[in-house]
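Hydrogens, waters and symmetry mates are skipped; everything else that's a heavy atom, side chains included, is used. Predicted model only: the values in this text are computed from it and were never measured. Labels below follow one simple rule: chain letters A, B, ... track the order of the sequence lines, proteins then strands, and each chain is numbered from 1.
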2 protein chains.
Amino acid sequence: MFSVSFMNIEQANSAAEDQRRVAIFKALAEQNRLRIIRVLYQTHREMTCSEVGAQLNISKSTVSYHFKALRVVGLTNTRQVAQTKYLSLQLATFDRYLPGFLATL
Amino acid sequence: MFSVSFMNIEQANSAAEDQRRVAIFKALAEQNRLRIIRVLYQTHREMTCSEVGAQLNISKSTVSYHFKALRVVGLTNTRQVAQTKYLSLQLATFDRYLPGFLATL
DNA sequence: TTCTTAGTTCGACATTAATCGAACTAATAA
DNA sequence: TTATTAGTTCGATTAATGTCGAACTAAGAA
């Protein structure tokens with residue numbers, strides 16, 4: 001029966017996993033954050049809030065907001081040197097939830 | 001200089017492509033739509049609004065809203081038989097923008 | 001024709017998200 | 001010490017999103 005197979009599938013994927021997927025998609029569903037991800041991937045460079053703010057022409061509070069959005073869902077890492085924070089990609093998260101995605105950028 | 005490499009990358013990815021990516025992520029960044037995608041993928045079956053509404057326990061107007069959201073960004077196909085519309089995955093879109101994603105479900 | 005079934009569209013409402021400036025902390029430089 | 005630089009947090013505002021029920025269209029059944 002259809003309802004049976006549907007239930008099995010729902011059970012096989014925990015609600016927690018699903019929430020994680022939705023959170024990751026939400027994080028990527030925004031133009032500026034997507035640009036940040038692409039630059040991090042294509043330049044093989046870390047970035048700071050100041051750099052991003054200057055390039056994307058958005059206020060530093062907004063950049064900080066986007067950096068946090070990417071970090072809390074595990075898409076990026078933060079390395080701090082004094083008061084400067086360097087952002088880089090957390091490749092393990094991409095590999096697990098979006099394998100092959102970065103290469104499409 | 002950093003700004004130069006950044007600009008080149010921005011140019012290499014058209015604004016249209018980026019908007020498409022954002023639209024696709026937005027479509028997937030919702031619990032019920034993600035469930036619909038998973039069921040379509042794992043059952044290798046088409047689905048109707050009625051079926052989805054019954055299984056996910058949401059109103060038919062909401063189901064219709066989600067079906068449209070998936071269709072307009074090209075994640076799904078619709079095959080109509082009389083007044084019934086059958087939804088299926090448009091695999092080409094996944095292959096191009098999210099290769100490997102479906103297999104993680 | 002009348003009734004049912006499958007979806008769509010239209011307000012309306014509540015929730016979330018993006019953005020900014022201002023005020024803040026903390027580290028470094030002058 | 002004072003000034004500068006890098007980020008964060010806090011309202012506030014505006015825009016977008018998810019949800020529903022009600023009214024609608026269109027196809028088939030009785």
Side-chain angles (χ1 to χ4, degrees), chain A residues 2-3 15 18-40 45-88, chain B residues 2-3 6 15 18-40 45-73 75-88:
Chain A
F2 178 66
S3 59
D18 250 35
Q19 283 189 318
R20 179 99 200 264
R21 286 195 183 93
V22 168
I24 287 171
F25 282 130
K26 276 190 201 297
L28 293 171
E30 204 280 330
Q31 215 178 27
N32 288 322
R33 289 196 291 264
L34 192 58
R35 286 191 202 153
I36 293 168
I37 294 295
R38 181 170 51 242
V39 174
L40 288 173
R45 236 180 126 272
E46 294 173 313
M47 296 191 79
T48 65
C49 280
S50 301
E51 284 176 333
V52 172
Q55 294 296 335
L56 300 186
N57 218 27
I58 49 183
S59 74
K60 64 178 185 171
S61 59
T62 300
V63 175
S64 179
Y65 170 78
H66 288 314
F67 270 36
K68 189 175 189 177
L70 291 171
R71 183 165 30 80
V72 296
V73 300
L75 288 173
T76 56
N77 279 118
T78 301
R79 180 175 67 91
Q80 181 158 3
V81 176
Q83 69 272 58
T84 302
K85 294 186 175 178
Y86 295 94
L87 207 73
S88 60
Chain B
F2 178 64
S3 59
F6 189 98
D18 249 35
Q19 283 189 319
R20 179 100 201 264
R21 285 194 183 93
V22 168
I24 287 171
F25 282 129
K26 275 189 201 296
L28 293 171
E30 204 280 329
Q31 214 180 26
N32 288 322
R33 290 196 290 264
L34 191 59
R35 287 191 201 154
I36 292 168
I37 294 294
R38 181 170 54 238
V39 174
L40 288 172
R45 235 181 128 271
E46 295 173 313
M47 296 191 79
T48 64
C49 280
S50 301
E51 285 175 336
V52 171
Q55 294 298 334
L56 300 187
N57 219 27
I58 50 184
S59 74
K60 64 179 185 172
S61 57
T62 300
V63 175
S64 179
Y65 170 78
H66 288 313
F67 270 36
K68 189 174 189 177
L70 291 170
R71 183 166 31 80
V72 296
V73 301
L75 288 174
T76 57
N77 279 118
T78 301
R79 179 174 68 91
Q80 181 158 4
V81 177
Q83 68 271 59
T84 303
K85 294 186 176 176
Y86 295 94
L87 207 73
S88 59

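- For the pair E51(B) CD and dG7(C) C1', the computed distance is 14 Å after rounding to whole Å.
- As a whole-Å value, the separation of R79(B) CZ from dA6(C) P is 15 Å.
- Here the closest heavy-atom approach between residue R21(A) and residue L34(B) is recorded as CB-CD2, 3.6 Å.
- Residue R33(A) comes nearest to E30(A) through the heavy atom pair N-OE1, 3.0 Å, listed as atom of the first residue, atom of the second, then distance.
- Rounded to whole Å, the distance from CD1 on I36(A) to C1' on dA18(C) is 13 Å.
- With values rounded to the nearest 0.5 angstrom, L40(A) atom CG is found 9.5 Å from R45(A) atom CZ.
- dA17(C) atom P lies 17 Å from atom CZ of F25(B), rounded to whole Å.
- The shortest distance between the side-chain N/O atoms of S64(B) and the OP1/OP2 oxygens of dT8(C) is below 4.0 Å.
- Two residues are said to be in side-chain contact when any heavy atoms from C-beta on lie closer than 4.5 Å; L56(A) and I36(A) meet this criterion.
- Per the geometry, CD belonging to Q80(A) stands 19 Å off P belonging to dT5(D), to the nearest Å.
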Name every donor-acceptor pair, under 3.5 Å, that has one atom in a side chain of residues 67-84 of chain A and the other anywhere in the protein, sequence neighbours excluded.
{"unit_1": "T76(A)", "atom_1": "OG1", "unit_2": "R71(A)", "atom_2": "N", "d": "3.4"}
{"unit_1": "R79(A)", "atom_1": "NE", "unit_2": "E46(A)", "atom_2": "OE1", "d": "3.4"}
{"unit_1": "R79(A)", "atom_1": "NE", "unit_2": "E46(A)", "atom_2": "OE2", "d": "2.9"}
{"unit_1": "R79(A)", "atom_1": "NH2", "unit_2": "E46(A)", "atom_2": "OE1", "d": "2.5"}
{"unit_1": "Q80(A)", "atom_1": "NE2", "unit_2": "A82(A)", "atom_2": "O", "d": "3.0"}

Are there any protein N/O atoms within less than 3.5 Å of an N/O atom in nucleotides 25-27 of chain C, and if so, which ones and at what distance?
{"unit_1": "dA27(C)", "atom_1": "N3", "unit_2": "Q83(A)", "atom_2": "NE2", "d": "3.4"}

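- When the side chain to side chain donor-acceptor pair (under 3.5 Å) test is applied to T62(B), the partners found at least two apart in sequence or on another chain are S59(B).
- Counting only residues at least two apart or in different chains, ring-ring contact (aromatic ring centres under 6.0 Å, His included) contacts with residues 46-66 of chain B are absent.
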Going 5' to 3' through nucleotides 11-22 of chain D and flagging B where a protein heavy-atom sits under 4.0 Å of the base, S where only the sugar-phosphate is that close, and - otherwise, we get ------SBBBBB
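- Put simply, CD on Q31(B) is 15 Å from C1' on dT15(C), counting in whole angstrom units.
- Proximity of V22(A) to D18(A): side-chain heavy atoms (C-beta onward) are nowhere separated by under 4.5 Å.
- In this structure, S50(A) reaches the sugar-phosphate backbone alone: every heavy-atom distance under 4.0 Å involves primed, P, OP1 or OP2 atoms, never a base.
- When each of M47(B), K60(B), R35(B) is checked for a side-chain contact (heavy atoms from CB on, under 4.5 Å) with V52(B), only M47(B) meets the rule.
- Rounding to whole angstrom units, NZ of residue K85(B) and C1' of dT25(D) are separated by 11 Å.
- Contact annotation: K68(A) side-chain N/O to dG7(D) OP1/OP2 distance is not under 4.0 Å.
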